Structure formats: structure tokens, C-alpha cells
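Owing to the predicted nature of the structure, the values given are computational and were not obtained by experimental measurement. In what follows, every chain begins at residue 1, and chains take the letters A, B, ... in the order their sequences are listed.
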There are 2 protein chains.
Amino acid sequence: MVTIRDIASLAGVSRTTVSRVLNGSGYVSEQARKRVMEVIEETGYVPSEQAKALRTKKSNVIGVILPKISTETASRVADGIDTVLNREGYQMILANAKLKVEKEIEQLKLLESRRVDGIILLATNKEDRLLKAIESLSVPVVALGQDLPSISSVIYDDYHAAREMTEAILKKGRNRIGFIGVYESDHAVGVLRKQGYLDALEAEGKTPEEGWIQKGDFTAESGYRAMKSIWESADRKPDAVFAVTDRLAVGALEYLRAIGVKTPEETAVAGIGNSEISKYVTPSLSTVDYNNEEAGMRTAELLLERLNSSGENREKIVMGYRLLIRDSLR
Amino acid sequence: MVTIRDIASLAGVSRTTVSRVLNGSGYVSEQARKRVMEVIEETGYVPSEQAKALRTKKSNVIGVILPKISTETASRVADGIDTVLNREGYQMILANAKLKVEKEIEQLKLLESRRVDGIILLATNKEDRLLKAIESLSVPVVALGQDLPSISSVIYDDYHAAREMTEAILKKGRNRIGFIGVYESDHAVGVLRKQGYLDALEAEGKTPEEGWIQKGDFTAESGYRAMKSIWESADRKPDAVFAVTDRLAVGALEYLRAIGVKTPEETAVAGIGNSEISKYVTPSLSTVDYNNEEAGMRTAELLLERLNSSGENREKIVMGYRLLIRDSLR
DNA sequence: ACATCATGTGGAATCGATTCCATAATGATG
DNA sequence: CATCATTATGGAATCGATTCCACATGATGT
């Protein structure tokens with residue numbers, strides 16, 4: 001691999017001069033510049049960002065930790081992040097947390113060892129050891145999806161989104177609303193969305209019946225099972241079900257269809273996420289659009305600002321959302 | 001940021017010794033090892049992979065160029081790649097080609113300047129300037145999705161998949177099969193899948209009618225429009241339509257539903273890709289499962305083998321596929 | 001005529017690791 | 001007791017860039 005040294009000797013100048021040409025800094029005669037450019041052209045020389053980063057202490061690489069790579073939300077967010085990073089001359093190194101806290105921490109350390117300039121964490125929990133790990137890092141971290149104390153974050157308005165969707169269901173005259181949630185270690189999805197649902201009901205003086213509230217694990221199959229549990233355990237069958245993600249909702253739809261319950265006539269269904277499926281299932285699924293791409297962009301911008309300002313100020317951005325009422329809720 | 005120098009002086013040894021402890025190489029007394037480990041623990045020292053890479057000429061980073069980040073196929077493949085890379089101690093730097101050849105070439109150069117150990121290219125074309133760019137690179141490249149001459153690649157069996165699906169449609173007694181393809185710069189999807197379709201028909205002595213063959217651009221909307229064109233321009237309406245991707249097929253389904261044509265009774269529909277949507281649309285879509293994750297894994301393995309063997313042998317792996325006949329074809 | 005300044009160039013240190021080589025102490029071998 | 005292998009350690013070069021500083025040249029100003 002050809003280096004700056006080779007270019008220098010081939011062009012008959014010093015490495016210093018080559019570096020000046022490369023960076024357009026300092027004084028270089030037109031003659032020297034031309035010679036150097038020619039040699040670079042001939043040899044196909046590409047300067048090592050590696051060596052440059054070592055010297056300048058800036059890698060122009062940002063680490064992105066995803067809870068799972070192959071997921072619609074993650075890839076939309078990654079797309080948004082990439083848009084901003086690419087525009088600003090950064091590259092993105094991807095890390096997979098596989099939905100495990102230990103792995104999340106491990107990846108933080110790994111990215112630090114790579115000397116990335118910053119890290120974006122798509123967070124799925126707020127566990128103490130995670131916060132500690134972030135604290136002890138010497139690389140700036142911003143989070144997306146969970147409100148992590150002590151660092152800047154971009155979060156969705158999970159509480160209000162869930163509450164508004166529940167209110168929308170109530171407004172359609174549905175009173176017996178079931179709920180499919182997830183484990184509560186995921187604070188945003190597991191706790192806040194559930195609270196929004198509960199509060200909307202309570203504001204109307206309604207209490208969910210025993211058995212109407214079930215949990216899944218983000219898969220459509222678990223949504224199916226949760227719906228089944230609701231159906232089989234409830235005294236009065238719900239006339240609507242609100243699931244905290246589209247996948248769960250799609251599973252619920254499947255179950256209802258399997259046992260011959262008509263949607264939305266007998267039981268309406270709603271989810272969150274505006275996944276591609278939600279548009280194409282029958283009936284099309286009512287859901288909340290979170291605009292993940294925009295969220296990714298905002299997060300990247302937040303991180304870059306932080307890098308350039310060197311200030312320690314913590315910032316919190318709450319994303320807006322949009323209710324999409326489709327055929328599954330009438 | 002604490003460096004190996006700090007550790008050395010704090011532990012009262014030389015950098016050499018610290019390096020030996022870090023890498024478990026050479027002779028180190030138990031005493032010295034303990035001192036060093038203690039200091040590392042206290043300071044939270046993390047060695048710079050950057051510096052290490054510069055010296056050892058091995059970054060343990062692989063570049064992955066995707067045609068588009070936010071796409072089901074790409075993220076499944078990326079997942080597979082990550083599985084292997086992670087297992088073997090590599091990290092993945094993502095690059096977005098935005099479906100443009102120039103951008104693909106630009107990203108190749110950028111990854112080379114980062115001194116990645118190797119590059120995986122999810123290829124969408126076989127243009128000459130791309131091949132030239134790869135040729136002039138001093139980093140090993142393997143391709144996925146297109147059979148690029150001169151480098152190793154993992155490819156899907158597009159021709160036979162398309163042919164078999166077409167034959168499956170014929171076997172159901174459908175004779176007037178429309179086709180929705182894409183531009184031919186994408187050789188795998190645009191040329192090979194179309195050829196499979198044509199050859200299957202020809203083997204049965206059938207010729208597609210004028211207007212039955214249309215093109216889209218990978219979006220569901222374009223599938224809708226293509227179906228419309230087929231319907232409006234054909235003298236005899238097709239009793240089946242084969243689209244080269246699921247998205248196109250979903251668009252076609254939409255159009256048929258919009259004009260009140262029953263699927264599959266009047267007109268059957270099939271796609272390729274086994275996308276998540278294909279399972280949940282109504283009627284569920286017949287499609288071909290390409291097992292993208294496995295393809296990603298094989299590609300990563302191919303690249304790593306190449307890195308370790310230092311041989312120049314070109315290899316070509318053809319992935320298998322599985323026909324999934326679902327409700328949209330009866 | 002001489003200080004001053006703009007322009008042009010290169011030597012050498014530096015970033016943070018690894019690794020070759022020299023050196024020293026210790027114990028075993030004949 | 002000389003010789004030699006084994007164990008242990010550190011000095012210094014190296015990877016490929018940037019950057020500080022010294023120095024040279026020629027033009028300009030007074």
C-alpha cells in the first residue's frame with residue numbers, strides 16, 4: 001500500500017509538503033502542488049484515515065448501537081442517522097446489542113476502544129449498570145428511545161401517543177378496551193405506553209377488567225397468544241384491543257380472524273409504529289406514526305452539536321407523533 | 001484519555017511489558033502482570049484499536065455497502081453478516097450507496113481510506129466503472145446479489161427461482177401470465193428473473209401478449225401502476241401476474257382489489273422475497289424465500305476465508321431458494 | 001543598505017500501540 | 001565452573017499521517 005512517504009519521494013518533496021497539498025494548508029508553490037497531484041493520480045494513493053485519526057484525535061466515525069439489526073424501526077432510524085452523518089462527513093460503525101444489557105455495555109466499550117468520536121444508543125432499558133457504563137465512558141453518548149438521566153436524548157412521546165390512541169378508541173364508542181403490552185424493563189414501551197392507556201381509561205371513569213391486560217415480547221406470535229389469553233380469560237369480551245406495537249397488533253388481528261371475530265365490527269384493533277405491514281394488512285391497522293427517520297436525524301444532529309460545542313449541556317428532545325386511524329378502528 | 005504510556009509509568013514497568021500483558025505474549029513475571037492489571041483496572045484504560053491497527057496493519061473492521069439502508073432485504077442480510085463478523089471478532093462499518101453507481105464507487109474509496117480489512121458489496125449492477133473501481137482497490141471485495149466477474153460472490157438463483165415460480169403458476173392451469181419487472185441495469189433482478197419467466201412460458205409453447213410485461217422501480221406504488229398498465233393495455237386480461245419483488249406484487253394486489261378483481265379466483269399473484277408483508281396481506285402472497293440472512297452469513301464467511309488464506313482464488317456460491325405457495329395462488 | 005515580511009520547504013517530534021533486539025539474572029548441564 | 005537455555009525486561013524503531021519550528025529566498029519599505 002502506497003504511503004505519503006512514497007508520494008513525497010516520487011514527487012521529490014518532503015512529506016510535509018505532500019500533507020500540505022492534501023489538506024490545502026500552508027504555503028505550497030504551484031509547481032510542487034502539480035507534481036504531487038500527478039504522482040497521487042498515477043499511484044492511486046489514498047491517505048490512511050487511520051493514521052490521520054491517530055494524530056488528530058478525530059476519527060470521523062460514529063458508533064451506533066441497535067437493539068436488533070433486522071427490524072423496521074432500527075433500520076429506519078439508522079437511515080435517518082446515516083443521512084445526517086453522511087452529509088457531515090462522518091461514517092457509521094454498527095453494533096448489535098441483541099436486546100441484552102450486557103451486550104449493550106460490551107458494545108459501548110468496544111466502540112470506545114475504536115476511538116469513535118461519539119455514540120448513538122438506541123436504548124431499550126434504563127438499567128443501572130448501563131447508566132454506570134455510560135458514565136465511565138470517555139466518549140460522548142446520546143440516547144434514542146429512552147429518557148436516560150445524565151445524557152442527552154431524543155425520545156418519543158410514548159405516554160401521550162398511547163393515551164391519545166386510547167382516547168380515540170373510546171371516542172368511537174368502544175368501552176371494553178383490552179391491552180397488549182411488553183415487559184417493563186423497557187420503560188418507554190413497557191411502562192409509559194401502558195400508563196397512557198390506563199390514564200385515558202381512568203379519565204373516563206373506566207377500569208379495565210381482569211384479564212384484559214396481557215403481555216407479549218415484540219413478536220407477532222406473542223401478540224397472537226396475548227390476544228388468545230385476553231379472549232379466553234375475559235368474562236366480557238373486549239370490543240377493542242390496543243397493542244403497544246404493530247407486530248403485536250398484527251398477531252392479535254390474526255387470532256381474531258382465526259376464531260372468526262370480525263374486525264373492526266366486533267373488535268377494533270390498534271397498534272403503534274406505522275410499520276409497513278400496518279398499511280397492507282386487512283383490515284388496515286390503525287396506528288401511531290413515530291417518524292423514526294426524523295428521530296434518527298435529530299439524534300445524529302444532537303450528537304454532532306455536542307461534539308462541536310464541547311459543552312456539557314444535556315438536552316432532551318421529544319418527538320411528535322401522528323395518529324393514523326385506518327380500517328381496523330371504526 | 002489514558003494511554004499505554006500512563007499504564008507503564010503507573011505500574012513501574014515499560015510499555016513493552018504492558019503490551020505483553022495486554023496480548024498475553026512473551027515472558028512476563030506474575031508480579032509485573034498483577035501490577036499492570038491493577039493499574040488498568042483502576043484507570044479504566046482501554047487500548048486504542050486505532051493505534052494497534054496502524055502498527056499491525058489489521059483493523060478488524062469490515063465495510064458493508066448497502067444499496068439502501070432501510071429495506072427489509074438489506075437489514076436481513078446485514079443481520080447475517082453481523083452474526084458472523086461478531087463471532088469472529090470483527091466490527092462492521094456501514095456505507096449507503098443510495099442505489100447510485102457513483103455513490104457505490106465513492107463508498108468503496110472511502111472504506112479503503114479507512115483501511116478496512118475487507119468489503120462486502122450488496123451489488124445492484126455490473127457496470128464497467130464499478131468493476132474498474134473494484135479492480136483498482138487494494139482491499140479484498142466480495143459481492144452479494146450479483147455475479148461480478150473477477151471477484152468472489154454469493155448470488156441468488158434468480159433465473160431458476162423465477163422460472164420455477166412461473167412453472168408453478170402454469171401448473172395451476174393459469175395460461176395468461178403477466179409480468180412486472182424492473183430496469184435491466186440490475187442484472188440479477190431485471191434480466192435473470194425476466195428470462196426465467198420467459199423461458200418457462202416458452203417451454204410450454206406460450207408467448208406473453210403485448211402489454212402483459214411491464215416495469216416498476218421496486219416500490220409498491222410502481223407495482224400498482226404497472227398492474228394498471230397491464231390491465232388497461234391487454235386485450236385478454238391475465239389470469240395471473242408474476243412480480244419480481246414482493247413490494248411490486250403487493251402493489252399489484254392493491255390495484256386488483258381497487259378495481260374489484262378477485263385474487264386468486266380471477267387473477268393470481270406471486271412475488272419474490274418472502275417479505276414480512278407477504279405473510280400478512282390478504283390474500284397471503286405466494287413468493288420465493290431467498291434466506292437473506294444465510295446469504296449474508298455465507299458472504300461474510302467467504303470474505304473472512306479470503307482474508308485468512310491470502311489466496312487469490314475466486315469463488316462463487318449460489319444460494320438455494322424455497323417456493324412458498326400461499327393464498328394468492330390457487 | 002538593512003530590517004521586515006510574505007512565501008516556500010523540510011526536519012523532527014508526535015499520536016498510541018507492537019515488535020525486534022539487546023541485555024541481565026537465574027538455574028541447569030556436563 | 002564455564003556454558004547455555006529459560007525467564008524477564010526495556011530501549012528504540014516502526015506504522016502513516018500532522019504540525020511545530022527553523023530556515024532560505026526574494027521582494028518591499030525606509
Quiz item: So Glu104(A) and Asn125(A), side-chain hydrogen bond (donor to acceptor under 3.5 Å, both in side chains) or not? Walk me through it.
Solution: CA-CA 10 Å; Glu104(A) 246 166 7; Asn125(A) 70 86; 3.0 Å; yes
Exercise. With side-chain hydrogen bond (donor to acceptor under 3.5 Å, both in side chains) as the test, would you mind laying out the steps for Ser185(A) and Glu127(A) before giving the verdict?
Key: CA-CA 8 Å; Ser185(A) 67; Glu127(A) 281 198 35; 5.7 Å; no
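Aromatic ring pairs are classed by plane angle as parallel below 30°, tilted from 30° to 60° and perpendicular above 60°; the pair Tyr183(A) and Phe218(A) is perpendicular.
To the nearest 0.5 Å, atoms CG (Leu111(B)) and CD1 (Ile119(B)) are separated by 4.5 Å. Going from atom CG of Leu303(A) over to atom CG of Leu121(A) covers 11.5 Å, rounded to the nearest 0.5 Å. Taken from CD1 in Ile62(B) to CD1 in Ile81(B), the straight-line distance is 10.0 Å, to the nearest 0.5 Å.
In plain terms, the two heavy atoms of Pro67(A) and Asn96(A) that are nearest each other are O-OD1, 3.8 Å. Across Thr73(B) and Asn292(B), no two heavy atoms sit closer than the pair CG2-ND2, 3.4 Å.
Between the P atom of dT14(C) and the CD1 atom of Ile4(B) lies a distance of 18 Å, rounded to the nearest Å. Rounded to whole Å, the distance from CD on Glu112(B) to P on dG16(D) is 14 Å. Distance CZ (Arg115(B)) to P (dC15(D)): 14 Å, rounded to an integer number of Å.
Gln50(B) and Ser59(A) are not linked by any side-chain donor-acceptor pair at a separation below 3.5 angstrom, with hydrogens and angles left out of the test.
For the pairing with Asp147(A), the side chain to side chain donor-acceptor pair (under 3.5 Å) check across His187(A), Lys316(A), Lys126(A) returns one residue only, Lys316(A).
Over its full length, the helix from dA1(C)-dT30(D) to dG30(C)-dC1(D) turns its helical axis through 60°, comparing axes from the five pairs at each end and rounding to 10°.
Interface residues of residues 45-63 of chain A facing DNA chain C, ordered by number: Leu54(A), Arg55(A), Lys57(A); criterion, heavy-atom separation under 4.0 Å. Proximity of residues 13-33 of chain A to DNA chain C (heavy atom under 4.0 angstrom from any strand atom) is restricted to Val13(A), Ser14(A), Arg15(A), Thr16(A), Thr17(A), Arg20(A), Tyr27(A), Val28(A), Ser29(A), Ala32(A).
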